[in-house]
Amino acid sequence: MSTILVLPGDGIGKEVCEQAVNVLAWFNDTYQLNLKIESDLVGGAAFDAYGVPLRDETMQAAHNAKAILLGAVGGPQYDNVERDKRPEAALLALRKELDLFANLRPAIVFDPLVDASSLKPEIIKGLDILILRELTAGVYFGLPRGISTLDDGSRTAVDSCTYSEFEISRIADVAFDLARKRQKRVHSVEKANVMETGVLWRDVVSERQQKIATDIDLQHMLADNCSMQLLKHPHQFDVILTDNLFGDMLSDTAAMLTGSLGMLPSASLSGKNAEGKQAAMYEPVHGSAPDIAGQNKANPLATILSLSMMMRYSLDRIDLADNLDKAVNDILNDGLRTFDTATEKDSPSSCSEVGQAVIDKLKNNKE
Ligand code: NAD
């Protein structure tokens with residue numbers, strides 16, 4: 001039996017995870033997946049209960065689990081908590097400790113939602129981009145960092161962006177692997193014009209392509225240009241390979257192509273160890289959305305689609321992942337929308353109605 005550890009976290013994380021867990025439980029019962037679904041507190045919820053955002057017991061459970069499903073962490077009530085006890089510290093610790101260096105963020109425009117984007121339908125119709133973000137290095141982890149006071153009493157702040165050759169080459173290899181199963185195109189994105197990490201990034205990615213991926217069309221692009229190109233001509237992209245900071249920003253831009261942050265799933269994967277075990281965490285790209293938390297109106301589809309990625313990458317059930325993706329497309333085709341993707345003519349459904357509709361559709365499609 002394998003364990004799936006569910007960490008709902010804060011705000012809408014709890015609401016969207018509840019719907020995703022219902023879907024997972026349905027799959028588990030219907031297809032005898034032999035999964036044990038366990039749940040624990042993380043982020044602000046763990047801080048409130050235990051005084052820390054991530055307990056050692058939870059980290060141990062994360063190590064033991066086949067995969068983790070995480071909702072979201074954070075909220076304004078924790079803004080003044082010291083940095084290492086902030087909800088986000090739990091996320092960074094999980095990513096770092098499990099070595100989840102490869103963050104896969106697909107941005108897919110579902111046909112029925114083509115009008116939900118603020119971009120023209122002809123620009124985004126049929127879009128299917130995969131953003132691969134390096135997740136355990138770069139400016140969010142580099143040292144030194146901090147705020148200090150100078151002799152004249154004024155303050156100064158520093159964040160360090162560091163990348164080793166190893167960190168760049170292993171994420172490049174993942175990008176080439178993923179591209180090989182798609183359209184065989186990789187855009188590697190950095191700021192080699194002004195950043196040393198960008199120069200090294202460009203060199204190492206080119207070297208890896210020459211060594212292991214001459215079948216892949218590799219292009220280099222500056223991050224600022226990439227953000228513009230994503231809005232101007234997104235169909236030119238297949239896999240976008242980029243660092244931690246640029247990946248964070250570019251994937252939010254890509255979110256708006258798809259219509260809503262509420263539609264974007266993600267997977268964070270480690271390498272495989274000697275026994276072939278790979279740590280994996282699946283989560284929606286969005287945060288805890290305090291502005292709508294507790295109202296049962298959040299879009300649960302980013303989390304439900306994260307489950308589909310779990311079936312694809314951790315459970316080896318591509319067939320079930322395809323079934324789930326189809327069920328999501330079908331309910332959208334039926335006109336079911338939460339408020340974030342609804343147009344003026346739709347009456348929005350609640351988070352739990354959308355979750356239940358996915359299960360009903362899965363049942364129907366199976367019969
Ligand atoms: P957010 O993603 O929580 O929300 C941004 C906007 O998108 C809000 O207007 C929100 O209502 C909307 N939105 C987000 N998810 C939605 C969904 N599923 N359905 C409908 N609308 C949705 O980002 P934020 O407001 O910048 O951050 C809020 C908190 O979340 C902060 O504490 C931040 O640190 C945290 N955060 C956590 C994660 C994470 O846990 N991975 C990621 C981003 C932000």
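Hydrogens, waters and symmetry mates play no part in the numbers below; they use all other heavy atoms, side chains included. All ligand and atom numbering here is 1-based and tracks the order in the structure.
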Validation row: Glu57, Gln60 side chains within 4.5 angstrom (heavy atoms) = no

remark   = Nearest non-hydrogen protein atom to atom 14 (C) of ligand 1, with distance, is His286 CB, 3.6 Å

inquiry  = Only heavy atoms of Ala72, strictly under 4.0 Å: list the atoms of ligand 1 that pass.
reply    = 40 (O)

ask   = Hey, is Ala302 one of the residues with a heavy atom under 4.0 angstrom from ligand 1?
value = no

query = Can you find a heavy atom in the side chain of Ser266 that is under 4.5 Å from one in the side chain of Arg105?
reply = yes

message = Would you say that Thr341 contacts Asn299 through its side chain, given a criterion of any heavy-atom pair below 4.5 Å between the two side chains?
response = yes

message = Looking at Asp56, I want to see if its CG is surrounded by more than 12 non-hydrogen atoms of other residues, nucleotides or ligands under 6.0 Å.
response = no

request  = Classify the side-chain pair Gln229/His187 by whether it contains a donor and acceptor separated by less than 3.5 Å.
outcome  = no

request  = Evaluate the side-chain proximity of Gln209 to Phe176: yes if any heavy-atom separation is below 4.5 Å, no if none is.
outcome  = yes

note = Taking only non-hydrogen atoms of Gly75 and a 4.0 Å limit, the atoms of ligand 1 in range are 32 (O)

note = closest protein heavy atom to atom 29 (C) of ligand 1 is Ser288 OG, 3.2 Å

query = Do Tyr282 and Ser314 get their side chains close enough for a donor-acceptor pair, meaning under 3.5 Å?
reply = yes

task = Quick one: look at Glu88 and ligand 1, take heavy-atom pairs under 4.0 Å, and tell me if it's side chain, backbone, both or neither.
result = side chain

Any side-chain heavy-atom pair of Phe237 and Cys226 under 4.5 Å = yes

note = With heavy atoms and a 4.0 Å threshold, my read on which part of Val16 contacts ligand 1 is neither

remark   = atom 23 (O) of ligand 1: of Pro284, Gly287, Gly43, Ser260, the nearest heavy atom sits on Gly287

request  = Pull out every atom of ligand 1 sitting under 4.0 Å from any heavy atom of Ala298, numbered as shown with elements.
outcome  = 19 (N)

ask   = Would you say the side chain of Leu119 lies within less than 4.5 Å of the side chain of Leu257, judging by non-hydrogen atoms?
value = yes

ask   = Can you tell me which residue and heavy atom of the protein come closest to atom 18 (N) of ligand 1, and the distance to 0.1 Å?
value = Asn299 O, 3.0 Å

inquiry  = Applying salt bridge (Lys or Arg N to Asp or Glu O under 4.0 Å), can you list everything that pairs with Asp224, at least two apart in sequence or on another chain?
reply    = Lys191

request  = Could you tell me the residue and atom name of the protein heavy atom closest to atom 28 (C) of ligand 1, and the distance to it rounded to 0.1 Å?
outcome  = Pro290 CD, 3.5 Å

ask   = In terms of atom number and element, which parts of ligand 1 are under 4.0 angstrom from non-hydrogen atoms of Gly74?
value = 32 (O)

message = Could you work out, with salt bridge (Lys or Arg N to Asp or Glu O under 4.0 Å) as the rule, every residue matching Asp360, not counting sequence neighbours?
response = none

Per-atom contacts of ligand 1 with Phe339, taking only distances under 4.0 Å to non-hydrogen atoms = 20 (C), 21 (N)

task = Check ligand 1 against Ile12 and write out every atom of the ligand that is under 4.0 Å from a heavy-atom position of the residue.
result = 15 (N), 16 (C), 17 (C), 18 (N)

inquiry  = Show me which atoms of ligand 1 lie under 4.0 Å from any heavy atom of Gly262.
reply    = 17 (C), 18 (N)

request  = Please could you name the atoms of ligand 1 that Glu283 approaches to less than 4.0 Å, counting only its heavy atoms?
outcome  = 41 (N)

query = For atom 11 (O) of ligand 1, which candidate among Leu261, Thr341, Asp291, Asp79 provides the closest heavy atom?
reply = Asp291

query = In terms of hydrophobic clustering (I, L, V, M, F, W, Y; side-chain heavy atoms under 4.5 Å; direct or indirect links), are Leu178 and Ile129 co-clustered?
reply = no

task = Would you kindly check if the NZ (Lys) or CZ (Arg) of Arg55 is within the cone defined by 45 degrees around the ring axis of Tyr50 and under 6.0 Å from the six-membered ring centre?
result = yes

request  = Check Thr338 against ligand 1 and report side chain, backbone, both or neither, counting heavy atoms closer than 4.0 Å.
outcome  = neither

query = Nearest to atom 22 (C) of ligand 1 by heavy atom, Ile292, Asp248, Leu91, Val285: which?
reply = Ile292

Asp340 contact mode with ligand 1 (heavy-atom cut-off under 4.0 Å) = side chain

message = Considering non-hydrogen atoms of the protein only, which is the closest contact for atom 12 (C) of ligand 1, and what is the distance?
response = Ala289 CB, 4.5 Å

task = Applying side-chain hydrogen bond (donor to acceptor under 3.5 Å, both in side chains), run through Asp330 and Asn365 and close with a yes or a no.
result = CA-CA 10 Å; Asp330 287 351; Asn365 288 352; 3.1 Å; yes

ask   = Less than 4.0 Å between atom 26 (O) of ligand 1 and some protein heavy atom, yes or no?
value = no

ask   = When you measure from atom 40 (O) of ligand 1 to every protein heavy atom, which one gives the shortest distance, and what is it?
value = Val73 N, 2.9 Å

